[in-house]
Amino acid sequence: MRVLVTGGAGFIGSHVVDALRARGHEAVVYDVRSGPGADVRNPVAVAEALAGVDAVSHQAAMVGLGNGVADAAEYISRNDLGTAVLLAAMADADVRRLVLAGSMVVYGEGRYECAEHGVVRPGPRAVADLDAGRFEPHCPLCGAELAPGLVGEDAAADPRNVYATTKLAQEHLAAAWARSTGGTAVSLRYHNVYGPRMPRDTPYAGVASFFRSALGRGEAPRVFEDGRQRRDFVHVRDVAAANVTALEAESRPGALTAYNTGSGEPRTVGDLAHALAAACAGPAPVTTGEYRLGDVRHITADSGRLRADLGWKPEIAFAEGMREFAAEG
């Protein structure tokens with residue numbers, strides 16, 4: 001299979017390229033790092049890149065929480081306009097197989113259960129609560145404490161920042177393309193991906209990268225909130241393997257299928273900081289109480305559907321991945 005990988009020179013995309021080639025496929029790298037002409041928003045260049053292609057792995061995106069709404073236009077241009085240009089070119093080129101780099105951020109807050117009211121969806125956290133160090137969402141009906149759980153793909157989307165909104169829009173665009181063309185579209189809703197080649201020292205890098213960079217400078221990782229916010233840290237090679245598995249699978253034509261893509265082992269941000277500090281033999285993390293307004297408290301999802309439908313499972317354990325990640329820094 002000849003696969004066009006947008007963002008193929010980037011963090012996740014480059015690992016997708018490696019995984020495709022390891023499975024005997026031909027990977028065509030399309031990435032703005034190769035030159036400004038290779039922007040996914042360039043319809044002429046995208047059309048040329050699609051020549052002879054059987055499928056597309058769409059990894060190109062502007063990622064991270066960003067700067068409130070100040071960079072909203074850039075996010076929408078790169079993520080949503082870029083996806084629309086790609087899909088239109090795929091329709092013209094009769095390329096009918098797409099795997100999209102989705103994200104768990106489309107859910108907003110994760111799944112919560114109230115002892116009295118069952119499963120509830122708390123609203124965005126109030127600034128006054130965050131300033132006072134009250135980080136946990138409470139039941140919107142009775143104000144009681146909530147128990148976080150795993151969110152499934154059928155949960156309602158509730159994006160809480162600009163980046164999350166663009167990732168949900170990408171899924172809607174891909175679904176519309178699939179219905180229009182009869183193509184197959186899969187969105188892999190990534191959790192917190194980490195591993196070799198992860199970007200560092202940019203406002204859009206992930207928390208694992210921030211912690212490793214601090215440790216590389218001999219500084220203690222600075223953990224926001226109280227460090228107890230739950231995430232699912234999944235290794236980039238496992239994510240790349242999920243992409244190849246989805247590209248090879250027989251998917252439902254004329255529709256988009258979403259799959260949560262995580263390790264299945266919820267960890268706290270504090271767990272991550274302590275694991276990296278230990279692996280780097282660096283100073284212990286400090287918990288600062290700071291927060292970012294667009295962040296959610298807990299988001300961990302059930303990746304069982306991906307395992308059941310496609311037979312994928314993560315192979316790299318958290319401790320092993322942390323040691324490798326620390327050694328690269």
Side-chain angles (χ1 to χ4, degrees), residues 1-64 66 71 74-75 77-87 89-90 93 95 97-103 163 166-167 170 174 186-188 190 192-206 208-210 212-213 234-247 261 316 321 324-325 328-329:
M1 182 166 45
R2 180 178 169 90
V3 181
L4 179 69
V5 184
T6 70
F11 168 43
I12 298 175
S14 64
H15 285 278
V16 173
V17 168
D18 290 347
L20 283 166
R21 291 172 177 167
R23 293 275 296 187
H25 301 295
E26 181 182 358
V28 179
V29 175
Y30 186 88
D31 196 290
V32 72
R33 296 167 183 82
S34 303
D39 193 311
V40 75
R41 295 168 292 183
N42 183 333
V44 174
V46 170
E48 292 175 352
L50 285 167
V53 161
D54 302 303
V56 173
S57 172
H58 184 29
Q59 306 296 318
M62 184 175 178
V63 301
D71 43 16
E74 189 69 10
Y75 270 105
S77 177
R78 290 182 180 274
N79 295 357
D80 299 337
L81 175 60
T83 298
V85 169
L86 173 66
L87 293 171
M90 289 176 65
V95 177
R97 184 177 292 271
L98 171 71
V99 172
L100 171 69
S103 175
Y163 169 62
T166 66
K167 297 307 289 183
Q170 283 185 309
V186 170
S187 178
L188 297 177
Y190 302 159
N192 291 70
V193 186
Y194 75 95
R197 308 173 202 161
M198 191 174 191
R200 64 179 70 205
D201 302 327
T202 83
Y204 305 98
S209 181
F210 291 144
R212 186 181 62 178
S213 291
V234 59
H235 197 279
V236 66
R237 288 198 297 274
D238 284 331
V239 168
N243 274 269
V244 177
T245 297
L247 285 163
T261 308
I316 301 172
E324 179 196 24
F325 186 56
E328 189 201 29

For [Y], is there any backbone N or O sitting under 3.5 Å from a side-chain donor or acceptor partner on [X]?
X	Y	value
Asn79	Thr166	no
Glu26	Met1	no
Asp39	Val32	no
Arg97	Leu247	yes
Ser209	Pro199	yes
Lys167	Ala101	yes
Asn192	Gly206	no
Asn243	Val16	no

Rounded to the nearest 0.5 Å, what separation is found between the [atom1] atom of [X] and the [atom2] atom of [Y]?
X	Y	atom1	atom2	result
Arg212	Phe325	CZ	CZ	3.5 Å
Arg200	Phe210	CZ	CZ	12.0 Å
Ser57	Leu98	OG	CG	8.5 Å
Thr83	Met90	OG1	CE	10.5 Å
Tyr194	Ile12	OH	CD1	13.0 Å

Is it the case that the side chains of [Y] and [X] hold a donor-acceptor pair, with the cut-off being a distance below 3.5 Å and no angle test?
X	Y	answer
Tyr30	Glu48	no
Ser14	Arg197	yes
Thr6	Gln59	no

Show the nearest heavy-atom pair for residues [X] and [Y], with the distance to one decimal.
X	Y	result
Gly195	Phe11	O-CE1, 3.6 Å
Leu50	Leu4	CD2-CD2, 3.7 Å
Ser187	Gly102	OG-CA, 3.5 Å
Ala242	Thr261	CB-CG2, 4.0 Å
Tyr163	Val63	CE1-CA, 3.6 Å
Leu20	Ala27	CD1-CB, 4.1 Å

- Message: My understanding is that only residues two or more places apart in sequence, or in another chain, count here; which of them pass side chain to side chain donor-acceptor pair (under 3.5 Å) with Asp31?
- Response: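 Partners of Asp31 by the side chain to side chain donor-acceptor pair (under 3.5 Å) criterion, ordered by chain and then number, come out as Arg33.
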
- Mind checking whether Val56 and Val95 have side chains closer than 4.5 Å, heavy atoms only?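 Yes. Closest side-chain heavy atoms under 4.5 Å.
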
- Non-hydrogen side-chain atoms of Leu188 and Val99 separated by less than 4.5 Å: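 Counting from C-beta outward, Leu188 and Val99 do come under 4.5 Å.
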
- Message: My understanding is that only residues two or more places apart in sequence, or in another chain, count here; which of them pass side-chain contact (heavy atoms from CB on, under 4.5 Å) with Pro196?
- Response: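 Pro196: side-chain contact (heavy atoms from CB on, under 4.5 Å) contacts with His15, His235, Val236, Arg237, Glu324, Glu328.
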
- Query: Does the pair Leu86 and Val40 meet the rule for a side-chain contact (heavy atoms from CB on, under 4.5 Å), with working shown?
  - Reply: CA-CA 7 Å; Leu86 173 66; Val40 75; 4.2 Å; yes

- Item | Test salt bridge (charged side-chain N to carboxylate O under 4.0 Å, His left out) applied to Glu74 - qualifying residues, sequence neighbours left out |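 Result, salt bridge (charged side-chain N to carboxylate O under 4.0 Å, His left out) vs Glu74: Arg78.
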
